[in-house]
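For the numbers below, each heavy atom of this structure counts, side chains included, while hydrogens, waters and symmetry mates do not. As the structure lists them, so they are numbered: ligands from 1, and atoms in each ligand from 1.
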Amino acid sequence: MKFTHWSMNLLYGAVLTLISAASLPAIAEDELPTATQDFQNYCAQCHGAEGRGDGPMAAELQTAPSDLTRIAARNDGVFSSEDVYYTIEGLDMSVSHVAGDMPVWGFWFMGQAVGEGILLEDAEPAEDRVRDRIEALVDYLETLQE
Ligand code: HEC
């Protein structure tokens, strides 16, 4: 899947991230982690190593982390890459969702993509990297569906 539209949200995210996380080291294009690595690093603590919603942090959350092997099953057998993408990006979630237990990965990955750069011209390639990374995670989640 490939999203081609320019997301102003992510650009705002870049700016916010620069303010809040300016000291993150940037990850170069060729050093991007694989989706499996990203999942184990950033998702498994809540969703579990196999995505079943049973990670070590799950018990401490107010909202139980979703069983990610059953996204399609919960949706009449349909895995909507677009819906899942925006859930992970998180930038268009309702306020309650953002304030909830599911982190907003768009901001975080954007922080890693821009690193200490402060030029707006860095933001567009950074946004591409964030999108590639989230898309890879979505494709990975699709392989987990039961
Ligand atoms: C701090 C805990 C936590 C981490 C870390 C986390 N999540 Fe979540 N996630 C949640 C919670 C809690 C929900 C349920 C939110 C709700 O129902 O309101 C959720 C829901 C989701 C959903 C929606 C599932 C559905 O059926 O609609 C997806 C997709 C998802 N997470 C993917 C990820 C990915 C990918 C990562 C890693 C990049 C990740 N999550 C990291 C806590 C977490």
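Atoms of ligand 1 lying under 4.0 Å from any heavy atom of Y42, numbered from 1 in the order shown and given with element: 5 (C), 37 (C), 41 (C). Residue L61 has at least one heavy-atom neighbour below 4.0 Å for each of these atoms of ligand 1: 2 (C). The L68 neighbourhood of ligand 1 comprises atoms 22 (C), 24 (C), 28 (C), 29 (C), 30 (C), 32 (C), with distances under 4.0 Å to a heavy atom of that residue. Of all atoms in ligand 1, listed by their number and element, those nearer than 4.0 Å to a heavy atom of T87 are 22 (C), 23 (C), 28 (C).
Under a 3.5 Å cut-off, the side chain of D67 and the backbone N or O of T69 do form a donor-acceptor pair.
Within the 4.0 Å heavy-atom shell around ligand 1 one does not find A58.
Applying the side-chain contact (heavy atoms from CB on, under 4.5 Å) test to I71 and every residue at least two apart in sequence or in another chain returns L68, R74, F79, V84, L141, Q145.
Within H47, the N, O or S atom lying nearest to atom 8 (Fe) of ligand 1 carries the name NE2.
The OG atom of S81 sits 11.5 Å away from the OH atom of Y86 when rounded to the nearest 0.5 Å. In this structure, CZ on R133 lies 4.0 Å from CG on D38, to the nearest 0.5 angstrom.
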Which atom pairs, one a donor and one an acceptor, fall under 3.5 Å between side chains of residues 49-60 and the rest of the protein, sequence neighbours left out?
from, atom 1, to, atom 2, distance (Å)
R52, NH1, E146, OE1, 3.3
R52, NH1, E146, OE2, 3.1
R52, NH2, E146, OE2, 2.9

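In this structure, E135 does not pair ionically with R131, as no charged nitrogen and carboxylate oxygen lie closer than 4.0 Å.
Between atom 8 (Fe) of ligand 1 and C46 there is no N/O/S contact shorter than 2.8 Å.
For T63, no nitrogen or oxygen atom sits less than 3.5 Å from a nitrogen or oxygen atom of ligand 1, counting backbone and side chain alike.
The closest non-hydrogen atom to atom 24 (C) of ligand 1, taken over S66, P65, G53, G51, comes from S66.
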Candidate pair Q112 and R129, rule side chain to side chain donor-acceptor pair (under 3.5 Å), full reasoning: CA-CA 10 Å; Q112 289 192 334; R129 261 177 278 164; over 6 Å; no

